[in-house]
Amino acid sequence: MTVMKTSMRNFFAHKGRMALSAVAVLLSVAFVCGTLVFTDTMNTTFDKLFAATSSDVQVSAKGASDTGETQADNGKPPVMPASVLGEVRKAEGVKSAEGTVFSTSVTVVDADKDSLSPSGGAPTIVGNWNANDARTMKISSGNAPRGPDQIMVDADTADKHHLKLGDEIGVITAVGTHRAKVSGFAEFEVTNPGAAIFYLDTKTAQKVLVGGTGVYTNVNVTAASGFSDAQVKKNVTAALDSGHQIQTAKEVADANAEDVGEFMGVMKYAMLGFAGIAFLVGIFLIINTFSMLVAQRTREIGLMRAVGSSRRQVNRSVLAEALLLGVFGSVLGVGAGVGLAVGLMKLMGATGMNLSTDDLTVAWTTPVVGLLLGVVVTVLAAYLPARRAGKVSPMAALRDSGAPVDAKSGVIRAVLGLVLTGAGGYGLYLASQADKASEGSMWLGGGVVLSLIGFVVIGPLLASGVVRVLSAVVLRIFGPVGRMAERNALRNPRRTGATGAALMIGLALVACLSVVGSSMVASATDQLDKTVGTDFIIQSDSGQLITPQAVQAARTAEDLKGVTEYKWTEADFTTPDGKTLKKTAITAADPSYATDLNTETVAGNLKDAYRPDSMSVHEEFAKAHGISLGSKISVAFKDGSTARLTVRAITSSEVVIDQGAMYTSIDTMAKYVPADKMPLDTMLFASAKDGQEAAAYKSLKAALDDYPQYKVRDQTDYKEALKDQIGQLLNMIYGLLALAIIVAILGVVNTLALSVVERTREIGLMRAIGLSRRQLRRMIRLESVVIALFGALLGLGLGMGWGATAQQLLALEGMKVLEIPWPTIIGVFLGSAFVGLFAALVPAFRAGRMNVLNAIATE
């Protein structure tokens with residue numbers, strides 16, 4: 001009880017000094033809890049949606065996915081004849097059944113040809129208005145579609161794009177473009193996660209989406225009273241042939257939830273990984289806080305020992321303070337996490353994914369995980385300072401306060417740090433020398449972890465040398481004030497090392513990812529320059545296949561020398577070694593693709609792969625299956641018959657563009673795949689007539705003006721788009737890493753604040769002998785800057801080493817260009833100096849306000 005009373009007294013006596021450590025715990029716990037609440041809420045939202053929109057039993061056409069999605073290679077949904085509806089209605093236990101038709105392989109535009117699709121990645125769905133939809137949606141104005149010239153829109157999409165009754169809308173599908181006027185709006189009675197939904201009448205939907213009437217994509221079945229969904233499924237299965245997929249509402253909902261769950265799982269664990277980094281950085285802040293508090297209370301602890309307190313009691317007293325800090329920070333962090341989750345929901349709403357706070361889900365495990373994590377991490381971080389406090393002898397009460405110096409532990413730490421750093425460096429070296437990326441990635445992971453731990457452990461030793469070098473460049477120009485700032489930073493290398501290490505971790509990851517991202521862009525750009533011979537690339541950024549009408553429109557553009565179609569599908573390969581490879585990708589293109597993409601071959605000529613009944617394979621595939629020029633491969637095309645194709649070329653596997661592709665001609669594919677099953681183009685390539693590139697570019701854009709889902713890019717545009725895609729990904733990662741960097745900045749602030757308290761008497765004496773307030777503040781700011789630059793220098797150097805090693809592994813996949821983004825690296829380094837200045841503002845201000853006499857009188 002005495003220990004707890006002492007801990008409580010000390011905790012509240014130094015509550016200001018504990019505040020920033022508490023904020024670090026709060027932020028880290030908030031990020032963990034916010035992630036858990038956000039992902040749980042999204043899962044709840046989708047679960048409710050799937051449960052509400054699923055009929056008791058659903059019959060889908062052959063070829064539909066488990067989730068009922070209708071994406072297909074030919075741009076049309078898989079369908080079944082309308083006669084199936086009659087057979088289903090006759091099955092025992094069926095109260096009612098209704099045929100539906102819908103597709104997600106669509107683009108919808110307004111009268112100005114602007115896309116009405118969601119910007120956040122949610123699907124665009126066009127289907128017929130049916131009784132199952134009427135259960136979950138309510139017509140808020142207007143009426144349901146009653147003819148081919150009418151279309152109903154969900155109210156969320158209408159509000160977002162300011163649609164009104166009577167506005168014209170165009171539905172672009174593989175069949176063609178259908179235009180209709182808005183007849184009504186329908187509101188969701190459950191949360192809409194962001195999909196854009198459009199309704200046509202049944203016959204119009206069949207014609208627009210499939211190209212003919214008398215077919216359905218699904219049949220929705222309502223079970224009669226007294227019959228379970230499973231019984232009805234069994235009876236419907238018996239009534240139909242085996243060419244249909246029949247699922248209960250639970251099976252459909254589970255399949256949909258599994259798909260969403262996979263995506264949510266990746267998002268959750270990625271965000272928790274960044275929360276873990278923030279916790280790791282927070283550990284340094286907590287260690288520093290308690291180390292300095294223990295050092296400042298050496299005399300107090302010595303007196304406690306002198307009056308009878310045991311080492312164990314002193315140790316427990318410090319750990320109890322850490323427990324209080326952990327509980328306080330974690331409780332606030334749990335509450336802040338819920339607020340963060342709500343903020344993320346609002347942010348997702350701005351990108352088009354609507355999430356209602358009515359579905360906010362806070363599982364009992366979330367606060368438990370947050371509290372346990374925050375408390376355990378805080379107590380573990382305080383263990384070493386607590387152990388050091390227990391070693392304070394009673395005689396320390398008779399000496400000036402100060403941390404006991406253990407020279408032996410310093411030597412052991414330096415040796416251990418050197419060993420770990422050396423082991424990490426050796427791991428990175430082995431990764432760079434690996435022959436396969438999969439093998440090298442294991443060495444890379446080990447090298448990153450060991451080198452990071454090594455740098456953290458060896459931080460005090462590095463601080464002694466690096467800070468002197470930085471000071472010679474940065475601080476010496478400020479004269480005596482700069483030299484005093486240098487000595488303050490060097491006074492306790494362990495503290496400086498820990499403070500710099502906190503900043504080092506976040507910046508090391510930033511530097512590593514910057515090097516990898518820049519190298520990927522440079523490698524892809526280099527490959528584009530070397531291999532792409534075409535002038536223009538046409539594709540959809542959202543993955544929409546290119547409709548035949550758009551292909552024809554592209555061919556009408558003036559000043560073009562030619563247009564190359566590019567398709568891919570899946571097939572079952574039977575290779576010469578007798579193995580059958582299921583669902584293997586095969587690419588079909590026009591013969592002109594051999595010059596549009598100058599792919600390196602190791603045997604044969606790629607042009608020959610476009611001859612009748614011919615194909616190419618890549619080098620690794622050929623070696624794995626004993627294939628050489630002239631070998632025969634049986635190719636059973638999806639939705640088609642089996643071809644026996646002759647290998648005419650073997651391409652290099654060390655390429656970036658189309659890596660691993662196996663080519664055949666579109667004519668060869670068309671010979672074995674029925675016309676109505678032929679896959680649509682995934683991309684188009686176009687070449688301009690000599691000297692007419694600018695005119696052809698303008699003409700091609702104009703020709704595809706009616707198809708806003710497709711982007712026309714020349715090589716410069718394509719490189720910029722590639723750079724933007726990688727840049728957006730990196731910016732998102734940098735945003736997540738910002739939490740760790742914020743915690744590291746708090747560490748610098750806390751270190752300086754506690755350091756000012758520790759040096760109160762010294763500061764008073766310096767003021768007494770003539771140091772001005774301005775000079776004092778400058779000294780503290782310069783100390784902060786040099787600590788921040790120390791952490792940045794270590795982090796950026798370490799991160800560039802990691803990034804360069806990672807690029808060596810990417811080189812095995814064809815990305816052979818290493819590019820160091822020096823502007824980013826230099827910008828981050830200089831930015832660290834501003835971070836140091838910012839972190840020192842409050843401590844420097846407080847130091848400047850000290851009363852000189854009171855400071856001198858401080859014990």
Side-chain angles (χ1 to χ4, degrees), residues 61 69-79 82 100-117 123-129 145-153 157 163 167-183 196-217 538-540 542-557 563 565-567 639 666 670 673-684 686 700-712:
E69 291 181 356
T70 59
Q71 294 281 4
D73 290 350
N74 65 354
K76 300 177 185 178
V79 294
T100 65
V101 57
F102 80 99
S103 176
T104 56
S105 299
V106 293
T107 299
V108 182
V109 297
D110 61 18
D112 296 324
K113 302 176 184 177
D114 293 326
S115 175
L116 300 178
S117 297
T124 300
I125 303 171
V126 176
N128 66 319
W129 177 249
R146 295 171 180 166
D149 61 341
Q150 293 188 356
I151 188 169
M152 187 164 65
V153 187
T157 300
L163 297 176
D167 284 354
E168 186 176 83
I169 284 178
V171 179
I172 305 171
T173 70
V175 175
T177 299
H178 175 78
R179 301 196 180 279
K181 293 184 177 181
V182 176
S183 64
I197 305 180
F198 303 85
Y199 294 102
L200 300 164
D201 70 89
T202 300
K203 284 189 176 180
T204 304
Q206 290 169 333
K207 291 178 181 178
V208 170
L209 303 178
V210 185
T213 58
V215 292
Y216 297 114
T217 57
I538 301 103
Q539 65 179 152
S540 168
S542 61
Q544 290 278 25
L545 299 175
I546 300 178
T547 65
Q549 295 79 17
V551 175
Q552 286 302 115
R555 293 188 184 279
T556 63
V563 174
E565 296 185 52
Y566 179 98
K567 310 172 184 285
D639 298 324
I666 291 178
V673 178
D676 63 334
K677 299 292 185 182
M678 276 290 284
L680 299 183
D681 295 299
T682 57
M683 301 174 76
L684 294 178
L700 193 54
K701 279 180 171 287
L704 290 171
D705 184 57
D706 289 336
Y707 304 93
Q709 68 271 41
Y710 308 127
K711 302 295 182 185
V712 179

Report, one line per pair, each donor and acceptor closer than 3.5 Å where one atom sits in a side chain of residues 169-176; sequence neighbours left out.
unit_1 : atom_1 : unit_2 : atom_2 : d
Thr173 : OG1    : Val175 : N      : 3.1
Thr173 : OG1    : Gly176 : O      : 3.4
Thr173 : OG1    : Val208 : O      : 2.7

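The side-chain hydrogen bond (donor to acceptor under 3.5 Å, both in side chains) test applied to Glu565 returns Arg555, not counting sequence neighbours. The side-chain hydrogen bond (donor to acceptor under 3.5 Å, both in side chains) test applied to Gln206 returns no partner, not counting sequence neighbours. Take Tyr199 and apply the ring-ring contact (aromatic ring centres under 6.0 Å, His included) test, not counting sequence neighbours, and it matches Trp129. Considering only residues two or more places apart in sequence or on other chains, Asp112 meets the salt bridge (charged side-chain N to carboxylate O under 4.0 Å, His left out) condition with none of them. Asp167 pairs by the side-chain contact (heavy atoms from CB on, under 4.5 Å) definition with Leu163, Lys164, Val182, not counting sequence neighbours.
Shown here for Pro674 and Asp639, the closest heavy-atom pair between the two residues is CD-O, 3.2 Å.
Proximity of Thr547 to Tyr710: side-chain heavy atoms (C-beta onward) are separated by under 4.5 Å at one or more points. No side-chain heavy atom of Ile546 sits less than 4.5 Å from a side-chain heavy atom of Thr682. For the pair His178/Lys207, no side-chain contact is recorded, criterion being any heavy-atom separation below 4.5 Å from C-beta on. Considering only heavy atoms from C-beta on, Val108 stays 4.5 Å or farther from Val153 through its side chain. In this structure the side chain of Leu684 reaches within 4.5 angstrom of the side chain of Val551, judged on heavy atoms. Looking only at side-chain heavy atoms (C-beta outward), Val106 and Phe198 stay at 4.5 Å or farther from each other. Looking at Gln150 and Asp201, their side chains never come closer than 4.5 Å, going by heavy atoms from C-beta outward.
Distance check: Thr104 OG1 to Ile197 CD1 gives 11.5 Å after rounding to the nearest 0.5 Å. With values rounded to the nearest 0.5 angstrom, Ser117 atom OG is found 7.0 Å from Gln544 atom CD.
Between the side chain of Ser103 and the backbone N or O of Pro77 there is no donor-acceptor pair closer than 3.5 Å. No donor-acceptor distance shorter than 3.5 angstrom exists from the side chain of Thr100 to the backbone of Thr217, with no hydrogens or angles considered.
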